[in-house]
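Residue numbers begin at 1 in each chain, while the letters A, B, ... track the order of the sequences. What you are looking at is a predicted structure, and each value in this text was computed from that prediction instead of being measured.
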Amino acid sequence: MQLDKHKDTSIDGLKERVLELAKRRGFLWPSYELYGGVAGLWDYGPFGAMLKHRVESAWRDIFVVGESALPIETPTIGVEELFLASGHLSNFVDLIVECVNCHTALRADHVVTEYLKSRGIAADLCDPGIAGACVPSSEKTQQQIDSHGITCPDCGGPLGKVHDFNLMFTTHIGPGTQRKGYLRPETAQGIFADFPRLLRFHRDRLPFGVAQIGKSYRNEISPRQGVIRLREFTQAEAEVFVDPREKNHHPRFDEVANVEINILSKDFVGTASVKSACERNIIAHEYLAYYIARCQEFFIRVGVRESRLRFRQHLPDEMAHYAVDCWDAEGLTQHGWIELAGIADRTDYDLKQHERQSGLQMAVFVPYEAPKEVERIVVRPNMGYLGPKYKGKAKQVAAFLSGIRHPEGAIVFDGQVVDPEGYAIETVRESISGDFVTPHVIEPSFGIDRSIYTILEHAYDEDTIDGERRVVLRLSPHIAPVEVAVFPLVKALNEKALEVFRLLRRAGLLVEYDDSGTIGRRYRRQDEIGTPFAVTIDHETIENSTVTVRDRDTTKQVRSSIESLADVLREMLVRGFDKQSS
RNA sequence: GCGGUAGUGGUGUAGUGGCAGCACAAAGGCUUCCCAAGCCUUUAACCCGGGUUCGAGUCCCGGCUACCGCACCA
């Protein structure tokens with residue numbers, strides 16, 4: 001895949017430089033540094049928080065406003081039932097056993113299964129009776145290790161005690177006999193739990209999307225790579241509920257059909273439009289393709305470089321067992337290709353699971369265009385006959401008879417032929433006006449923190465201005481924490497400059513004022529935090545009420561009247577410095 | 001969690017047992033000033049806890065954090 005033409009990744013120690021800048025300029029700080037810090041927890045400093053806020057706004061524009069999705073907010077604390085249903089309580093657990101000799105941490109269940117398989121013994125480590133997939137039990141696994149004397153596969157040393165490691169943080173809800181609570185490992189489950197209300201809110205129609213931006217938590221064993229793997233992180237997730245029969249017909253597919261994306265899949269590597277990817281079955285259906293295209297639109301808007309963005313299809317063995325197709329949006333950084341978003345077809349797995357756990361129906365009644373007339377054969381019990389004959393059992397017999405769909409020959413109940421007088425076989429005509437459908441879920445899910453790191457790295461650049469090395473963050477104007485800086489050329493002009501500053505602030509621009517030191521130093525400071533434009537009040541301003549507007553990327557300047565300044569800047573922020581009509 | 005390496009002002013660093021230096025940044029001032037100029041002044045640091053020692057930034061032990069490798073990442 002080709003790299004950006006105007007910029008490559010050849011800066012030495014880019015990772016370190018970006019992080020150094022991010023720390024120094026108030027984007028990212030290690031949390032609780034005062035007390036030595038904690039791995040996997042990071043603060044957003046003032047510019048970082050504003051940047052993040054704007055990234056989330058851009059996401060909201062595209063995935064909530066642009067899709068007429070329903071925005072909701074659910075608690076970060078979830079109850080036990082929620083994660084029993086989702087499978088996180090059983091599947092989000094690792095059984096860890098450590099080798100006493102070489103101290104390697106191993107997946108205990110894997111060690112046992114491998115050992116038994118190699119000796120042709122069937123392994124059953126699972127706890128029965130829990131909804132969802134197989135749950136390896138720590139007791140059974142421990143037993144197997146003890147009874148077979150299983151040792152470390154690496155060095156042959158003895159193994160320690162098996163212990164659970166659930167990646168969810170636990171807590172307690174309320175005092176006294178406490179109810180268990182868990183910090184959510186994804187925001188999605190809160191949406192699924194609200195499904196019946198959401199469906200009613202949307203007046204029982206499909207399709208509809210629901211979106212949530214919020215914190216999620218995973219107690220990572222060993223978080224690394226700065227903000228790439230966090231224990232507390234922000235997700236932006238949309239769950240789009242769709243009739244499974246309609247997955248290949250997105251109503252707005254035309255809008256995105258020609259969007260070109262970089263694809264890495266088992267069948268295809270290269271660039272293609274989402275339309276052709278769909279037609280060639282590279283992407284399973286239009287809904288996935290549609291959201292992949294929107295995903296690309298989002299990343300480009302916030303400043304991820306298109307040439308360093310790709311969509312990678314999950315291999316069958318890395319896909320969650322319920323998904324039919326899943327794509328990761330990946331950004332190329334100094335940490336390699338990292339996952340920024342996932343667009344998955346979660347099918348009806350989650351809703352079915354919550355149906356089972358809660359006992360409530362999670363289906364939508366989808367009416368036919370016209371009611372269908374169907375003929376059906378029914379067995380109608382004759383209670384006048386059955387009552388006296390079967391007495392107390394009559395009700396049971398009647399229910400049995402009513403349940404028969406295809407009566408053939410004599411009907412036998414409880415080993416005895418039921419007298420034909422006890423029922424009548426009739427053909428009835430019925431009008432059916434629709435089906436109950438459990439919607440499938442298409443889920444675009446974004447890691448906001450990773451995206452922000454990628455944005456920073458892709459924006460970081462060093463160039464030379466008048467022989468001086470300059471560090472510049474080429475941030476997208478959509479997400480820059482400051483849009484315009486205002487400077488008096490010399491301190492004597494500060495009154496006029498403050499006037500302009502207040503004018504622009506009132507006009508709703510994100511604007512910063514600075515009158516310290518020399519003008520060059522102030523420009524460079526704004527370059528480092530990615531401020532797209534700087535307005536300077538000079539001596540000419542006093543004469544004719546014009547100011548200079550300086551472009552971050554080229555350092556070129558144009559003059560603009562104060563009167564039209566706010567409009568000129570707004571236009572530049574949208575169209576770019578050169579394309580505005582002044 | 002294991003192994004290796006490291007942790008000194010805001011940032012980058014020097015300092016191998018005896019007064020903690022430098023550069024950049026920041027704040028104030030001078031300079032009539034459109035791209036990190038200069039000058040003066042000022043602020044500001046040994047990751048945490050034990051131990052050894054008359055004395056520890058320095059040596060030892062433990063912890064925390066970061067980077068690299070291993071393992072983990074439904």
*Any Lys/Arg nitrogen of Asp463(A) or Arg470(A) sitting under 4.0 Å from an Asp/Glu carboxylate oxygen of the other?*
yes

*Could you check whether Asp538(A) gets within reach of a base, just the sugar-phosphate, or nothing at all, counting any heavy atom under 4.0 Å?*
base

*Nearest-Å distance, NZ (Lys23(A)) to C1' (C47(B))?*
13 Å

*With sugar-phosphate meaning primed atoms plus P, OP1 and OP2, does Glu16(A) contact a base, only sugar-phosphate, or nothing at under 4.0 Å between heavy atoms?*
nothing

*Across all strands, who's sitting opposite C72(B) as a Watson-Crick or G-U wobble pair, both distances under 3.5 Å?*
none

*C33(B) P sits how many Å from Ile519(A) CD1, rounded?*
13 Å

*Given atom CZ of Arg525(A) and atom P of C34(B), what is their separation to the nearest angstrom?*
17 Å

*With a 6.0 Å cut-off on ring centres, are Tyr453(A) and Phe27(A) close enough?*
no

*Would you mind classifying the nucleic acid contact of Arg524(A) as base, sugar-phosphate or nothing, using non-hydrogen atoms under 4.0 angstrom?*
base

*asked:* Any donor-acceptor pair, under 3.5 Å, between the side chain of Arg550(A) and the base of C35(B), if you only look at N and O atoms?
replied: yes

_Side-chain heavy atoms of Thr541(A) within contact of Leu493(A), under 4.5 Å_ = no

*Nucleotide of G12(B), C73(B), C35(B) approaching Tyr523(A) most closely (side-chain heavy atoms)*: C35(B)

*Hey, is Glu443(A) close enough to Arg346(A) for a salt bridge, meaning N to O under 4.0 Å?*
yes

*Do Asp551(A) and Thr554(A) have side-chain atoms, one donor and one acceptor, less than 3.5 Å apart?*
yes

*Taking only residues two or more places apart in sequence or in another chain, which ones pass salt bridge (charged side-chain N to carboxylate O under 4.0 Å, His left out) with Arg24(A)?*
Glu20(A), Glu528(A)

*Find which nucleotide of RNA chain B each of Val471(A) and Glu186(A) is nearest to by heavy atoms, and output the residue with the more 5' nucleotide.*
Val471(A)

*What integer number of Å spans the P atoms of G9(B) and G29(B)?*
29 Å

*How would you label the contact of Arg470(A) with the nucleic acid (heavy atoms, under 4.0 Å): base, sugar-phosphate, or nothing?*
nothing

*If the P atom of C73(B) is compared with that of U16(B), how far apart are they to the nearest Å?*
44 Å

*asked:* Is any side-chain heavy atom of Val549(A) closer than 4.5 Å to one of Phe577(A)?
replied: yes

*How many Å lie between CZ on Arg17(A) and C1' on U11(B), as a whole number?*
13 Å

*Any donor-acceptor pair under 3.5 Å joining the side chain of Asp466(A) to the base of C35(B)?*
no

*With Ile537(A) as reference, evaluate Asn494(A), Val486(A), Asp515(A), Leu498(A) under the side-chain contact (heavy atoms from CB on, under 4.5 Å) test and give the passing residue.*
Val486(A)

*What integer number of Å spans the P atoms of C19(B) and A25(B)?*
30 Å

*Roughly, in whole Å, what's the span from CZ in Arg469(A) to C1' in G12(B)?*
12 Å

*asked:* Strictly by Watson-Crick or wobble contacts shorter than 3.5 Å, is anything paired with U52(B), and which nucleotide is it?
replied: none

*Could you tell me whether Arg474(A) and Asp527(A) make a salt bridge, using a distance below 4.0 angstrom between a side-chain N and a carboxylate O?*
no

Are there any protein N/O atoms within less than 3.5 Å of an N/O atom in nucleotides 62-66 of chain B, and if so, which ones and at what distance?
| residue | atom | partner | partner atom | Å |
| --- | --- | --- | --- | --- |
| C64(B) | O2' | Gly36(A) | O | 3.0 |
| C64(B) | O2' | Gly37(A) | O | 3.3 |
| U65(B) | OP1 | Ala39(A) | N | 3.1 |
| U65(B) | O4' | Gly36(A) | O | 3.2 |

*Atom C1', compared across C60(B) and U53(B): separation rounded to whole Å*: 12 Å

*Please step through side-chain hydrogen bond (donor to acceptor under 3.5 Å, both in side chains) for the pair Ser216(A) and Glu186(A), ending with a clear verdict.*
CA-CA 5 Å; Ser216(A) 291; Glu186(A) 61 173 8; over 6 Å; no

*Would you please classify the geometry between the Phe446(A) ring and the Phe299(A) ring as parallel, tilted or perpendicular, with 30° and 60° separating the classes?*
tilted

_Please report the distance separating the C1' of C24(B) from the corresponding atom of A14(B), rounded so that it comes out in whole Å._
15 Å

*Roughly how far apart, to the nearest Å, are C47(B) and G12(B) at atom P?*
14 Å

Identify all pairs in which a protein N or O lies below 3.5 Å from an N or O of nucleotides 37-40 of chain B, and state each distance.
| residue | atom | partner | partner atom | Å |
| --- | --- | --- | --- | --- |
| A37(B) | OP1 | Arg521(A) | NH2 | 2.9 |
| A37(B) | OP2 | Thr518(A) | OG1 | 3.1 |

*Determine the interatomic distance between C1' on C46(B) and the same-named atom on A6(B); round to the nearest Å.*
14 Å

*Leu21(A) CG to A36(B) P, straight-line distance once rounded to whole Å*: 18 Å

*Taking the same atom, C1', in G15(B) and in C72(B), what whole-Å distance lies between them?*
40 Å

*Phe487(A) and ring-ring contact (aromatic ring centres under 6.0 Å, His included): which partner among Tyr523(A), Tyr513(A), Phe501(A)?*
Tyr523(A)

_Suppose we define a pair by two distances each less than 3.5 Å, Watson-Crick or G-U wobble; what does U32(B) pair with here?_
none

*Which part of the nucleic acid does Leu489(A) contact within heavy-atom distance under 4.0 Å: base, sugar-phosphate only, or nothing?*
base

*Determine which nucleotide pairs with C24(B), using a 3.5 Å limit on both distances of a Watson-Crick or G-U wobble pair.*
G10(B)

*If C19(B) has a Watson-Crick or G-U wobble mate with both distances under 3.5 Å, name it; if not, just say none.*
none

_Can you measure Leu493(A) atom CG to U32(B) atom C1' for me and round it to whole angstrom units?_
10 Å

*Over how many whole Å does the gap from Glu220(A) atom CD to C72(B) atom P extend?*
13 Å

*Using a 4.0 Å heavy-atom cut-off across all strands, classify Gln526(A) as base, sugar-phosphate, or nothing.*
nothing

*Donor + acceptor pair across side chains of Tyr35(A), Glu33(A) (<3.5 Å)*: no

*Side chain Glu33(A) and base C47(B) donor-acceptor under 3.5 Å*: no

*What is the base-pairing partner of C67(B), counting Watson-Crick and G-U wobble geometry with both distances under 3.5 Å?*
G4(B)

*Identify the nucleotide, in any strand shown, that forms a Watson-Crick or G-U wobble pair with U58(B), with both distances under 3.5 Å; if there is none, say none.*
none

*Just checking Lys15(A): base, sugar-phosphate only, or nothing, at a heavy-atom cut-off of under 4.0 Å?*
sugar-phosphate

